[in-house]
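Order of the sequence lines fixes the chain letters, A, B, ..., with proteins taken first and strands second; residue numbering starts at 1 for each chain. This is a predicted model, so every value here is computed, not measured.
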Amino acid sequence: MELNTKKELVLQAYGNFFEKALIEEIDSVAKLVEFQEGEVLIDIGQYIKSMPLVIRGAIKIMREDFDQEELLLYFIGKGDTCSMTMTCCLGDQKSEIRAVAENDGLVAMIPVGKMEEWLGKYPSWRVYVFESYNNRFNEMLATIDNIAFMNMDERIWKHLQEKSKIHRSNTVFQTHQEIANELNSSRVVISRLLKALEKQGKIRLNRNSIDLL
DNA sequence: TCATTAACACGGG
DNA sequence: CCCGTGTTAATGA
């Protein structure tokens, strides 16, 4: 697992984005942090002192409503960062979101001071931060569209495809209840709609898992 | 009409 | 037995 040096890992995940000098700086100041599936990396109301650059694995970003019901906003993966973190760091704000590890992975933590410093120092960093904001914003718009304009059956189908893509597997290991939580619905509806998808031949239902066909 | 809630039966581990 | 699943009846928006 740890055959690679920190620098190689950073280079492998971010070499396409950043110039050499910046990679060197990241190598010297970043702390590598491993995380495990299900781990809560950032919680709502928490202040954030450093910014995570995802090197391996995936993280899901959740929102919590008035009744502590959860709703999945979007995923971030290799080469991504959390835009919320940047807003928090720069403005000294509390986090509005919760970040939960979707699977095992690795992040490079950048101290908040450095990320500000680099904004003036490295064009590629500015571009990265800007594009990152853009990407997350677009994903949020897509999610809003899903909630506002798509039926629940379409949302489930999309959700399954997303999970499948992230885990690089055609089998999604999730119970109906867990899906209901992430989509902020009830299990009865999820069960019924999944059954409908199965009848359409799109999926096969098993206990604790769903196969995409 | 459609989602939610509660309740129940079934079955595999 | 416990939990995930499939279904139904009642209720509400």
Separation of [X] atom [atom1] from [N] atom [atom2], in whole Å?
X	N	atom1	atom2	result
A:H176	C:dT7	NE2	P	11 Å
A:L205	B:dG11	CG	P	17 Å
A:I190	C:dT5	CD1	P	11 Å
A:I179	C:dT5	CD1	C1'	12 Å
A:N208	B:dG13	CG	C1'	10 Å
A:E178	C:dG4	CD	P	8 Å

Filtered N/O pairs between nucleotides 2-8 of chain B and protein, under 3.5 Å:
{"from": "B:dA3", "atom 1": "OP2", "to": "A:R192", "atom 2": "NH2", "distance (Å)": "3.0"}
{"from": "B:dT4", "atom 1": "OP2", "to": "A:S185", "atom 2": "OG", "distance (Å)": "3.2"}
{"from": "B:dT4", "atom 1": "OP2", "to": "A:S186", "atom 2": "OG", "distance (Å)": "3.2"}

Classify the nucleic acid contact of A:N151 as base, sugar-phosphate or nothing, counting any heavy atom under 4.0 Å across all strands shown.
-> nothing
Specify whether A:F18 and A:W125 have parallel, tilted or perpendicular ring planes, treating 30° as the upper limit for parallel and 60° as the lower limit for perpendicular.
->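 Judged by the thresholds at 30° and 60°, the geometry between A:F18 and A:W125 is tilted.
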Any ion pair linking A:D104 and A:R56 (charged N to carboxylate O, less than 4.0 Å)?
->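 Judged by the 4.0 Å cut-off on N to carboxylate O distance, A:R56 and A:D104 do not form a salt bridge.
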Does a donor on one side chain sit under 3.5 Å from an acceptor on the other, for A:Y122 and A:E25?
->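 A pair is found: one side chain offers a donor N or O, the other an acceptor, under 3.5 Å apart.
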Sole candidate of A:I110, A:T85, A:I59, A:I76 that passes side-chain contact (heavy atoms from CB on, under 4.5 Å) when paired with A:P52 = A:T85
Taking a hydrophobic cluster as the set of Ile, Leu, Val, Met, Phe, Trp and Tyr residues connected by side-chain heavy atoms closer than 4.5 Å, whether directly or through intermediates, do A:M84 and A:M109 fall within one such cluster?
->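 Yes, same cluster.
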Answer with yes or no whether the hydrophobic clustering places A:L71 together with A:I190; edges join I, L, V, M, F, W, Y residues whose side-chain heavy atoms lie under 4.5 Å apart.
-> no
